[in-house]
Amino acid sequence: MAEEPVNVNGFRELARQTLPKMYYDFFTGGAEDQYTLKENEEAFHRITIQPKILVDMSSIDLSTMVLGYSISMPVMIAPTSRHKLANPSGDIATARAASTCNTIMVLSISSTCTLEEVAACCNAVRFFQLCVYKRRDITAKLVLRAENNGYKAIVLTGDSPRHGRREADIKNKIIIQELKNVEGLLSTKIVTDKGSNLDALANQTRDPSFTWEDIGWLKSITKLPILIKGVLTHEDALKALEVGAAGIIVSNHGGRQLDYCPPTISVLEEVVHAVGGKVPVFLDGGVRRGTDIFKAMALGAQAVLVGRPVLYGLAAKGENGVRRVLEMLKEELELTMALSGCSNVKEITRSHVRTKHDRQLLSLL
């Protein structure tokens, strides 16, 4: 019998033992050399925490607000696809765990349960992640369905005009089931002899011409706030503000799109400075510890999104595994706050961390 994990990384090993290699590789893999995938985690290790001592820590409040919704901790579930490959209950189990833990789930457009099924299963606050299809009418129908089913925001993925080269999937010749949200709307039966059918499917159906100028069209078809996911630079952060984004998610798609782009925690502060508090900034990528969440918040994130650990928990123990992953991160964050002198998330400030750049500046003094 496998040992009970003591941190979220332990669920990765349980997932490896549970899943067929093809599916495990699909969830864990990154693009090409997987530099960005590895750096998303490693970059957190280069940031140290500067604790404040002898502070009253008899009460600690981890709750925060996201777009007006109160959640129990600054951790949300990132949009990740094909949860039924991890567990037969799929996205429904993930949503129920989010509801139990009182946090937000961002449902992937490539979910293996329909957005209606997920909406009906529990009362979790849900956002809907959107990639724009060449067929704009299908995109518009999906947005309307999300709005009609109580989703509270649209998360527009901006970094995927084409599919990243995920070589493990190509080697495994992975074939993925049809996408539930577009059944009857879009043919997803792609036959290819060149490896992964994911590449062929994404490149055949997604609209590579979608630009900043087209966000006006997206805003015209929905009343929901739009978050833009995939921002990594000062310039793109300013463009997101110009087009009226309600929030920005600093993300490199979990290292699955462009390899050798920067780890997200390394550019978070650049984006935060560009935004200047006008809209909330969130971080996605590499979060595996409560200390990672603390560091992201100290550098200006309002909350983080967690992807792979949720899938590992789902693969290992279903809904209970996802719940335990979220609880572990919450428990670790609470301890980090207690040992750093922060009784609520608003007390986590830039002075609580020291980056590699900070240390270089100090060495020059």
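Reckoned from all heavy atoms, side chains included, excluding hydrogens, waters and symmetry mates.
- In this structure, Leu335 belongs to a hydrophobic cluster whose other members, linked by side-chain heavy atoms under 4.5 Å apart, are Leu339.
- Not counting sequence neighbours, Glu147 has no partner by the salt bridge (Lys or Arg N to Asp or Glu O under 4.0 Å) test.
- Sorted by first and then second residue, the pairs that involve residues 340-355 and meet salt bridge (Lys or Arg N to Asp or Glu O under 4.0 Å), not counting sequence neighbours, are Glu269-Arg350, Arg350-Asp358.
- Using cut-offs of 30° and 60° on the angle between ring planes, the pair Tyr260 and Tyr35 is parallel.
- Within 6.0 Å of NE2 in His45 there are more than 12 heavy atoms belonging to other residues, nucleotides or ligands.
- The backbone N or O of Leu115 sits less than 3.5 Å from a side-chain atom of Asn181, completing a donor-acceptor pair.
- Here the CD1 atom belonging to Ile109 is positioned 6.0 Å from the SG atom belonging to Cys131, to the nearest 0.5 angstrom.
- Checked against side chain to side chain contact (heavy atoms under 4.5 Å, CB included), Ser81 has the following partners two or more places apart in sequence or in another chain: Phe26, Ser108, Ser110.
- The CG atom of Asp292 sits 8.0 Å away from atom CD1 of Ile265, with the distance rounded to the nearest 0.5 Å.
- Rounded to the nearest 0.5 Å, atoms CD1 (Ile293) and CG (Leu283) are 10.5 Å apart.
- The NE2 atom of His253 sits 5.0 Å away from atom NZ of Lys229, with the distance rounded to the nearest 0.5 Å.
- Sorted by first and then second residue, the side-chain hydrogen bond (donor to acceptor under 3.5 Å, both in side chains) pairs with a member in residues 90-106 read His83-Thr94, Asp91-Thr112, Ser99-Asn123; sequence neighbours excluded.
- Under the salt bridge (Lys or Arg N to Asp or Glu O under 4.0 Å) criterion, Arg145 pairs with Glu116, not counting sequence neighbours.
- Ion pairing between Glu41 and Arg289 fails under the 4.0 Å rule for side-chain N and carboxylate O.
- The hydrophobic cluster containing Leu54, built from Ile/Leu/Val/Met/Phe/Trp/Tyr side-chain heavy atoms closer than 4.5 Å, also comprises Ile53.
- Residue Lys52 places its NZ atom among more than 12 non-hydrogen atoms of other residues, nucleotides or ligands, all under 6.0 Å distant.
- Remark: Asn87 engages Ser89, Leu314 in a side chain to side chain contact (heavy atoms under 4.5 Å, CB included) (not counting sequence neighbours).
- Residues forming a salt bridge (Lys or Arg N to Asp or Glu O under 4.0 Å) with Asp61 (at least two apart in sequence, or on another chain): none.
- Taking 4.0 Å as the cut-off between side-chain N and carboxylate O, Glu319 and Arg324 do not count as a salt-bridged pair.
- Side chain of Lys295 to main chain of Phe44: a donor-acceptor pair is present (N/O by atom type, distance under 3.5 Å, no hydrogens or angles).
- Cluster partners of Val106, using a side-chain heavy-atom cutoff of under 4.5 Å among ILVMFWY residues and allowing indirect links, are Val66, Leu67, Tyr69, Ile71, Met76, Ile104, Val125, Phe127, Val155, Leu227, Ile249, Phe282, Leu305.
- One finds the CG atom of Asp236 at 9.0 Å from the CG atom of Leu238 (value rounded to the nearest 0.5 Å).
- Among all heavy-atom pairs drawn from Met57 and Gly341, the shortest one is CE-C, 3.5 Å.
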- Task: I would like to know whether Asn9 and Tyr312 meet side chain to side chain donor-acceptor pair (under 3.5 Å); could you show each step before the answer?
- Result: CA-CA 9 Å; Asn9 289 316; Tyr312 300 150; over 6 Å; no

CA sep, side-chain torsions, deciding dist, call: Val118, Tyr151, side chain to side chain contact (heavy atoms under 4.5 Å, CB included)
CA-CA 10 Å; Val118 174; Tyr151 289 76; 3.7 Å; yes

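- With Leu37 as reference, Arg308 is the one residue of Arg308, Arg166, Glu32, Glu42 to meet the side-chain contact (heavy atoms from CB on, under 4.5 Å) rule.
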Inset, instruction - Applying side chain to side chain donor-acceptor pair (under 3.5 Å), run through Arg256 and Gln34 and close with a yes or a no. - result: CA-CA 8 Å; Arg256 291 164 76 81; Gln34 303 189 116; over 6 Å; no

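- Remark: Arg16 does not engage Asp25 in a salt bridge, criterion side-chain N to carboxylate O under 4.0 Å.
- In this structure, Lys239 does not pair ionically with Glu242, as no charged nitrogen and carboxylate oxygen lie closer than 4.0 Å.
- In the model, Gln129 has a side-chain atom that pairs as donor or acceptor with a side-chain atom of Thr157 under 3.5 Å.
- Ala237 pairs by the side chain to side chain contact (heavy atoms under 4.5 Å, CB included) definition with Val231, Ile248, Val271, Ala274, Val275, not counting sequence neighbours.
- A donor-acceptor pair shorter than 3.5 Å cannot be found between the side chains of Gln17 and Arg12.
- For the atom pair Leu268 CG and Ile47 CD1, the distance stands at 8.5 Å (nearest 0.5 Å).
- Checked by atom type, the side-chain pair Asn252/Asp159 shows no donor-acceptor distance below 3.5 Å.
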Exercise. Taking it one step at a time, do Val272 and Leu299 satisfy side chain to side chain contact (heavy atoms under 4.5 Å, CB included)?
Worked result: CA-CA 8 Å; Val272 168; Leu299 292 172; over 6 Å; no

Given side chain to side chain contact (heavy atoms under 4.5 Å, CB included), test Leu156 with Ile215 step by step and report yes or no. CA-CA 9 Å; Leu156 176 68; Ile215 291 174; 4.0 Å; yes

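- Taking the side chain to side chain contact (heavy atoms under 4.5 Å, CB included) definition, one finds that Ser59 meets it with nothing, sequence neighbours left out.
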